[in-house]
Every structure is written in C-alpha cells, then in structure tokens.
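One structure below.
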Amino acid sequence: MIIPVPEVNFTASPFYNPSLKNVVILATGGTIAGSGEAHKTLNYEPGALSIQDLLDSVPHLEHVANCAGVQVSNLCSADITSEHWLTLAALINTLALREDVHGFVITHGTDTLDETSYFLNLVIKTDKPVIITGSMRPATAISPDGPLNLYQSVALAANPEASGQGVMVVFAEGIYSGRDVQKVNTFKANAFDERDFGCLGYMRDSEAFFYTRSLKKHTTAAQFDISALEQLPQVSVAYFHVDADPGILDYLATLSKGIVIAGAGGGIYSKPWIDKVGELKNNDIPVVRCSRISSGITLKDSYIDLSANSIPCNSLVPQKARILLSLALTQTTGYEEIAAMFNEY
C-alpha cells in the first residue's frame with residue numbers, strides 16, 4: 001500500500017500561527033475514529049470518522065501547533081499490515097526532510113499500536129518527534145478519551161524536548177517508549193504501560209515532564225533501511241504450552257523465514273520442542289526465544305540455546321521480537337549477527 005506523498009500546507013488554515021510549530025497528523029483509523037450508538041463504549045465501528053472530524057473534536061488545538069491532517073487509512077488496527085507500516089515510514093521519512101515540518105502524530109487503533117510504534121522506532125530516519133496515540137472509547141461514547149490523547153500528542157510533537165527520543169506513545173497522560181510500550185488492559189482508558197520500565201514521563205495539559213529515556217538504539221541510530229523494500233520477510237509466532245505439539249514449528253517453517261517462540265517462564269519449552277528447533281537451524285530458519293510473560297528478561301541459556309540454536313529476545317515481548325527478527329532478516333540470517341541486534345535494539 002504505497003500512496004503518493006500528500007501535499008501538506010500549514011498556511012492554508014485560517015488559524016495558522018507562524019510562531020507555533022507545524023505538526024503533521026497521519027490518521028490510520030481505530031477506536032479514536034470510531035462511531036457507534038450515542039453514549040455507548042461497545043459495539044461501534046472503528047475507523048468511521050475522518051481526520052478532519054478528529055481535528056474538529058479537539059478544542060483549542062490551534063493554540064498548541066499548526067496541524068495538517070493526512071488520511072493514510074481508516075481501519076481497525078487488527079487490519080493493519082506491514083504494507084501499511086512501510087507506507088507510514090516512507091511518508092514520515094519523506095515529509096521529515098521538509099524544514100517546515102517539525103513533528104508527527106499518528107492516530108491508530110490500540111490493539112496493534114504497540115507493534116506499529118516499535119516498527120517505526122526501528123526504521124524512520126529522523127530525530128523529529130513522532131508520537132502515536134489512540135483511544136479506548138469511540139468518539140460517540142459518553143466520555144471519549146480520544147480528544148485529550150490527541151491534544152497532548154500534538155503538544156508533545158511540538159515540544160523540542162521530544163526530539164531525538166525515538167517514537168513515543170502518548171496515552172492517558174503518560175509518555176511511553178515505542179520499544180517498551182504494551183497494551184495491558186482490554187477496556188480501561190489507561191490501557192498502556194511499559195510494565196517493569198514504568199513510563200518516560202507525563203503530560204499535564206500541554207506540558208511534558210520527562211524523567212527517563214530509552215537507551216536502546218532507534219531511528220537515526222538504527223541500521224535498518226526499508227527505502228527499497230516492498231514487503232518484509234514473514235516471521236511467525238508459536239505459543240508454547242503444556243502438551244504443545246512441536247509439529248506446529250514444522251508447519252510455521254513452511255510459511256516463514258523465521259520463528260519466534262513465546263515460551264513458558266523465562267522462555268523455556270519442552271525437550272521435543274528443543275529438538276525441533278535444532279532441526280530448524282539446519283534449514284536456515286532462525287528461531288528467537290521469548291516469554292509468554294510480559295515482564296522480565298530472557299537471556300542466553302546454556303541448555304536451551306546451545307542445544308537448540310535459539311536466540312534469546314532480551315526484554316522484547318513476542319509480537320515485538322517478531323518485528324526485529326523480520327527486519328534483521330532483510331540483512332542477514334547469521335545467528336550471531338541477529339543475536340547482537342536483540343541486545344542492541
């Protein structure tokens with residue numbers, strides 16, 4: 001899904017203020033653009049409202065930044081694909097070259113927002129702020145959370161302190177790293193967190209308060225170049241459980257260039273699975289070992305990794321390890337090189 005680079009004109013707005021920063025808002029759909037029965041929070045259609053509808057729903061946004069909206073897609077985030085990711089990254093990388101563009105906000109469905117944030121964190125080539133947000137309640141709900149999330153995201157995108165910090169997520173007045181953010185609740189408005197790592201800071205009204213930052217490589221320091229890519233190598237995730245059939249790995253190997261295993265505890269799996277992973281190594285199918293637990297760290301294990309030739313994921317959750325492995329496979333299939341990337345990113 002490649003779309004032409006849109007014409008972005010900040011001065012066309014009747015509210016244009018040359019003393020403010022210019023922020024491009026890239027809309028992809030999701031609950032923040034959802035519409036349903038008035039006052040209800042369930043049974044709505046995601047991606048029903050346009051970017052202009054979203055901008056019109058936020059009072060006083062013109063006092064925070066000059067905004068120009070681009071409708072990239074209007075989907076439930078379960079329908080977001082890597083093709084959409086490549087399009088978003090290409091748009092940002094191109095528009096970021098303009099001197100009159102100072103930052104970006106992406107509106108997105110919450111269900112795969114953490115995946116999009118990590119992908120962009122690895123592939124965009126700008127230090128300008130890129131902020132992703134969404135909402136847990138549709139625009140027609142009795143107390144929609146989208147307008148505040150969008151307002152504060154634009155404020156952060158216009159804030160010089162946000163430069164060089166990689167892709168960030170603003171949600172429920174928290175600021176989160178694109179690498180570590182996770183959705184942690186199915187319905188509450190404060191549905192995002194970084195688990196063990198807390199958050200980078202807070203938003204209060206339009207003001208940002210930073211306390212920490214991610215030390216992993218990202219954006220301009222990352223080695224990945226997607227400018228010539230039309231698709232990403234397919235990587236699948238296998239979920240280990242009691243009585244899990246290792247034959248699922250054979251099936252996934254027929255579809256995939258690499259496999260991520262969501263293992264038990266610290267990323268372990270049974271002896272039959274260890275033996276099967278060893279066979280995959282002989283077929284040049286790299287396997288990354290993660291945990292189905294969303295907190296903690298998965299490190300090299302002399303028993304599992306040496307006998308099964310697997311790669312520990314460090315602190316990435318399976319859906320994010322899948323993204324890093326896919327990008328790694330655009331450059332190498334070497335285990336040592338891929339293992340180094342999981343320590344660096």
Side-chain angles (χ1 to χ4, degrees), residues 25-37 40-51 53-55 57-58 69 71-82 84-85 87-89 104-121 130-157 166-195 197-200 202-203 237 294-295 316-320 322-323:
I25 302 179
L26 303 168
T28 68
T31 298
I32 193 171
S35 178
E37 185 179 351
K40 301 292 186 180
T41 60
L42 294 173
N43 303 317
Y44 57 87
E45 179 187 357
L49 304 179
S50 70
I51 177 59
D53 293 328
L54 296 185
L55 294 176
S57 72
V58 185
Q71 193 78 54
V72 180
S73 62
N74 218 352
L75 302 169
C76 169
S77 67
D79 292 317
I80 292 289
T81 68
S82 57
H84 295 101
W85 288 349
T87 295
L88 273 173
F104 299 87
V105 171
I106 300 167
T107 59
H108 198 288
T110 59
D111 290 342
T112 60
L113 184 152
D114 62 335
E115 295 178 66
T116 298
S117 66
Y118 187 50
F119 175 79
L120 294 176
N121 197 53
V130 177
I131 315 300
I132 306 184
T133 194
S135 74
M136 291 299 292
R137 301 170 186 149
T140 49
I142 195 168
S143 182
D145 51 325
L148 178 61
N149 286 344
L150 181 53
Y151 177 86
Q152 293 185 328
S153 295
V154 170
L156 186 59
V167 174
M168 291 180 283
V169 171
V170 167
F171 218 94
E173 299 183 285
I175 306 171
Y176 304 99
S177 157
R179 179 191 187 272
D180 300 310
V181 68
Q182 297 176 49
K183 187 172 183 178
V184 296
N185 195 279
T186 62
F187 74 96
K188 291 183 178 180
N190 58 336
F192 285 85
D193 199 3
E194 290 187 24
R195 297 290 191 180
F197 305 125
C199 64
L200 301 181
Y202 303 114
M203 293 297 301
V237 178
S294 57
S295 294
L316 292 175
V317 291
Q319 67 268 28
K320 294 194 177 188
R322 189 192 75 83
I323 293 167

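This one's a predicted model, so the numbers in the text were calculated from it and none came from an experiment. Computed over heavy atoms, backbone and side chain alike; hydrogens, waters and symmetry mates excluded.
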**OP:** Indicate the atoms forming the closest heavy-atom contact of Gly34 with Pro138, along with that distance.
**Re:** O-CB, 3.7 Å
Subject >> Side-chain donor-acceptor pair present, Glu37, Asn43, cut-off under 3.5 Å >> reply: no
**OP:** Give, for atom OG of Ser295 and atom CD of Gln182, the distance between the pair rounded to the nearest 0.5 Å.
**Re:** 6.5 Å
Original post:
Which is it for Asp114 and Gln319 under the side-chain hydrogen bond (donor to acceptor under 3.5 Å, both in side chains) test, yes or no, and what are the steps along the way?
Top reply: CA-CA 9 Å; Asp114 62 335; Gln319 67 268 28; 3.0 Å; yes
Original post:
Does Ser77 use its side chain to pair, donor to acceptor, with the backbone of Thr112 at less than 3.5 Å?
Top reply: yes
**OP:** For residues Ser177 and Glu194, report the shortest heavy-atom separation together with the two atoms involved.
**Re:** N-OE2, 2.6 Å
Original post:
How are the rings of Trp85 and Phe119 set to each other: parallel, tilted or perpendicular (split at 30° and 60°)?
Top reply: parallel
Original post:
For Leu200 and Tyr176, which heavy atoms make the closest approach, and how far apart are they?
Top reply: CD1-C, 3.9 Å
**OP:** Might you point out which heavy atoms bring Ile32 and Leu54 nearest each other, and give the distance in Å?
**Re:** O-CD2, 3.2 Å
**OP:** Show the numbers, then the answer: is there a side chain to side chain contact (heavy atoms under 4.5 Å, CB included) between Lys320 and Ser117?
**Re:** CA-CA 10 Å; Lys320 294 194 177 188; Ser117 66; 4.3 Å; yes
**OP:** Kindly say whether Ser35 contributes a backbone atom to a donor-acceptor pair with the side chain of Thr140 at under 3.5 angstrom?
**Re:** no
Subject >> Full working for side-chain hydrogen bond (donor to acceptor under 3.5 Å, both in side chains) between Asp53 and Ser50 >> reply: CA-CA 5 Å; Asp53 293 328; Ser50 70; 3.2 Å; yes
Original post:
Can you tell me how far OH of Tyr118 sits from CG of Leu113, rounded to the nearest 0.5 angstrom?
Top reply: 15.5 Å
Subject >> Rounded distance [0.5 Å steps], CD1 in Ile132 versus CG in Asn121 >> reply: 9.0 Å
Original post:
If every non-hydrogen atom of Pro147 is compared with every non-hydrogen atom of Ser57, which pair is closest and at what distance?
Top reply: CB-O, 3.8 Å
Original post:
With side chains defined as the heavy atoms from C-beta onward, is the minimum distance between Val237 and Pro318 less than 4.5 Å?
Top reply: yes
Subject >> Qualifying residue for side-chain contact (heavy atoms from CB on, under 4.5 Å) with Val105, from Val130, Ile25, Val170 >> reply: Ile25
Original post:
Are Gln152 and Leu148 side-chain neighbours, meaning at least one heavy-atom pair lies under 4.5 Å?
Top reply: yes
Original post:
Just wondering, do Ile106 and Ile131 contact through their side chains at under 4.5 Å, heavy atoms?
Top reply: no
Original post:
At what distance, to the nearest 0.5 angstrom, does CG of Leu316 lie from CZ of Arg322?
Top reply: 12.5 Å
**OP:** With sequence neighbours excluded, tell me which residues meet side chain to side chain contact (heavy atoms under 4.5 Å, CB included) with Ala139.
**Re:** Leu49
Original post:
Does Asp180 reach the side chain of Arg195, with side-chain heavy atoms less than 4.5 Å apart?
Top reply: no
**OP:** Kindly say whether Gly134 contributes a backbone atom to a donor-acceptor pair with the side chain of Thr110 at under 3.5 angstrom?
**Re:** no
**OP:** Nearest 0.5 Å please: distance from the CE atom of Met168 over to the CG atom of Leu120.
**Re:** 13.0 Å
Original post:
Are Asp145 and Phe171 side-chain neighbours, meaning at least one heavy-atom pair lies under 4.5 Å?
Top reply: yes
Subject >> Asp111: partners by salt bridge (charged side-chain N to carboxylate O under 4.0 Å, His left out), with sequence neighbours left out >> reply: Lys183
Original post:
Does some side-chain heavy atom of Thr28 sit less than 4.5 Å from a side-chain heavy atom of Asn74?
Top reply: no
Original post:
Looking at residues at least two apart in the chain, or sitting in another chain, which of them share a side chain to side chain contact (heavy atoms under 4.5 Å, CB included) with Lys188?
Top reply: Asn185, Asn190
**OP:** Would you indicate whether Phe197, at its atom CZ, is surrounded by more than 12 heavy atoms from other residues, nucleotides or ligands within a distance under 6.0 Å?
**Re:** yes
**OP:** Could you point out which residue of Val72, Thr31, Leu26, Ile80 forms a side-chain contact (heavy atoms from CB on, under 4.5 Å) with His108?
**Re:** Ile80
Original post:
If you look at every heavy atom in Ala189 and Arg137, which pair is closest and at what distance?
Top reply: CB-NH2, 3.9 Å
